[in-house]
Amino acid sequence: MGRTIVAIVAAAVALALAALPIVLALVSPGGLGGLAPPDQGSPSGEAINQLYWFVFGICAVVFVGVEVALILFILRFRRRPTTPADAEGPQIHGNTRLEIIWTLIPSVILVVIAVVVLVRIPAVHATDGDRSNELVVRVEGHQFYWRYVYPDGEISLDTLVLPVDRPVKLELVSYDVNHSWWVHELTGKQDAIPGQVNELLLRPRVEGTYEGDCAEFCGVLHAVMPTTVEVVSGQEYASRIEQLAGQDQSGDSQLALGRQSWERTCAKCHGPAGQGDLAPPIARSGTLVDAEALRMLLDEGLDTPDVEGSMPPVGRGWPAFQLEALIAYIRSNEDLAPPEQDGGGSG
Ligand code: CUA
């Protein structure tokens with residue numbers, strides 16, 4: 001009798017543990033902390049979530065069915081004190097009907113999953129619906145920041161602004177290693193790979209601020225390579241782009257681009273004031289304002305033998321005006337600019 005109770009308690013504990021992930025997933029929908037995917041701000045993201053729940057539902061039913069049967073059978077057909085030592089269960093080898101049933105059920109399940117997934121692929125890739133009026137934005141993955149280029153050449157780093165309810169095509173490229181653009185609550189992820197242009201189509205449906213990450217291990221600062229997407233009204237989008245105009249002429253726009261280039265590229269490794277952090281101090285270095293030396297450094301990177309690690313070629317793909325903007329910002333910042341008499345290529 002005591003053994004029966006132990007068996008029942010053990011079975012109950014096993015079932016409770018097995019069901020825990022399912023319960024967690026069900027009670028925390030939309031939570032990244034849970035097992036459920038977050039709510040999505042685009043139809044393609046929603047299509048991905050629907051597929052997730054469809055496959056999850058089938059798996060949950062199969063899992064619970066198998067586990068319950070397993071535990072019931074363990075209890076029902078366990079060895080009892082009266083069982084003869086050489087007792088054997090009924091032999092079912094060659095039971096054609098049983099074998100057909102247990103082949104057919106999984107086959108049907110797999111075919112149903114395959115058909116539903118294939119039918120939903122256009123929605124997942126956002127290739128369905130009207131895509132005229134498409135906004136094309138270039139997305140560059142760099143060690144360790146995201147560089148966005150809007151249709152007329154305006155640049156922003158790490159933060160992307162998109163208009164709501166308009167089809168968007170992101171063209172993803174990389175200048176160094178593999179990165180992966182992933183804004184969890186907007187749509188699926190897409191890799192940025194050197195030597196290749198990958199596309200990610202979406203149509204943001206809900207205005208708001210969406211946080212994302214690089215989802216491919218890309219080096220020492222991979223974990224702090226976040227990105228933000230601001231989905232705004234069409235009118236607000238136009239005015240935000242207008243604010244970026246003039247990055248290629250001296251003025252506020254140029255300084256703003258220079259500041260972004262400093263803060264989101266150089267400062268991540270060299271410290272906010274160039275005082276040194278993960279990488280050596282560079283404040284007041286002459287190289288910072290020497291266009292030719294700086295260009296070469298940002299294009300080629302630098303591997304100094306006595307310094308651990310190496311500097312990636314962070315400025316690959318920058319047009320000349322972005323370099324000029326960076327230099328203009330450094331000259332305007334008294335913590336960073338080298339002393340006047342020294343300016344010109346000593347660092
Ligand atoms: Cu870029 Cu990880």
Side-chain angles (χ1 to χ4, degrees), residues 32-33 37-38 40-42 44-45 48 125 136-150 154-162 168-202 204 209-231 257 259-272 274 276-280 282 297-304 307-319 322-323 326:
L32 272 178
Q40 295 287 314
S42 73
S44 49
I48 294 171
H125 289 316
V136 181
V137 179
R138 183 178 167 88
V139 179
E140 296 176 1
H142 290 263
Q143 288 173 314
F144 295 96
Y145 65 99
W146 295 98
R147 183 170 175 275
Y148 298 105
V149 185
Y150 297 90
E154 300 90 351
I155 296 166
S156 68
L157 303 185
D158 285 349
T159 300
L160 171 66
V161 182
L162 293 178
V168 175
K169 175 159 86 178
L170 303 179
E171 292 181 340
L172 292 112
V173 297
S174 169
Y175 282 89
D176 37 51
V177 299
N178 292 359
H179 304 268
S180 184
W181 193 86
W182 190 24
V183 180
H184 323 119
E185 295 174 28
L186 212 45
T187 191
K189 69 177 90 159
Q190 183 63 280
D191 287 353
I193 297 172
Q196 183 173 329
V197 181
N198 281 351
E199 291 182 354
L200 183 61
L201 305 181
L202 70 149
T209 302
Y210 300 86
E211 302 297 341
D213 294 299
C214 177
E216 186 71 45
F217 182 66
C218 57
V220 67
L221 286 187
H222 154 73
V224 285
M225 191 178 156
T227 191
T228 303
V229 178
E230 293 177 31
V231 176
L257 175 63
R259 184 192 175 104
Q260 268 194 48
S261 301
W262 169 264
E263 289 176 349
R264 297 179 181 182
T265 304
C266 318
K268 280 181 182 168
C269 291
H270 292 282
D277 186 355
L278 189 65
I282 52 169
L297 179 63
L298 298 191
D299 270 349
E300 306 293 328
L302 186 66
D303 191 1
T304 314
V307 177
E308 197 189 338
S310 62
M311 172 167 162
V314 289
R316 267 187 204 164
W318 287 16
Q322 189 174 359
L323 191 79
L326 175 60

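Only this structure's heavy atoms are used, side chains among them; waters, hydrogens and symmetry mates stay out. Since this is a predicted model, take the numbers as computed values, not measurements. Just so you know, ligand 1 is whichever comes first in the structure, and atom 1 is the first atom listed for that ligand.
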TODO: Identify, with sequence neighbours excluded, every residue that meets side-chain contact (heavy atoms from CB on, under 4.5 Å) alongside Val224.
DONE: Leu221
Task: Carboxylate-amine/guanidinium proximity below 4.0 Å for Glu171 and Arg138 - done: no
Task: Test side-chain contact (heavy atoms from CB on, under 4.5 Å) applied to Ala215 - qualifying residues, sequence neighbours left out - done: Ser180, Trp182, Lys189
TODO: Using 2.8 Å as the cut-off, note every protein N, O or S atom close to atom 2 (Cu) of ligand 1.
DONE: Cys214 SG, Glu216 O, Cys218 SG, His222 ND1
Open item on the list: In terms of relative ring orientation, are Trp318 and Tyr145 parallel, tilted or perpendicular, with 30° and 60° separating the classes?
Closed with: perpendicular
Task: Side-chain H-bond candidate by donor/acceptor type, Thr228 with Glu211, under 3.5 Å - done: yes
- [ ] For Ser310, enumerate each residue passing the side-chain contact (heavy atoms from CB on, under 4.5 Å) test, keeping only those at least two apart in sequence or located in another chain.
- [x] Asp303
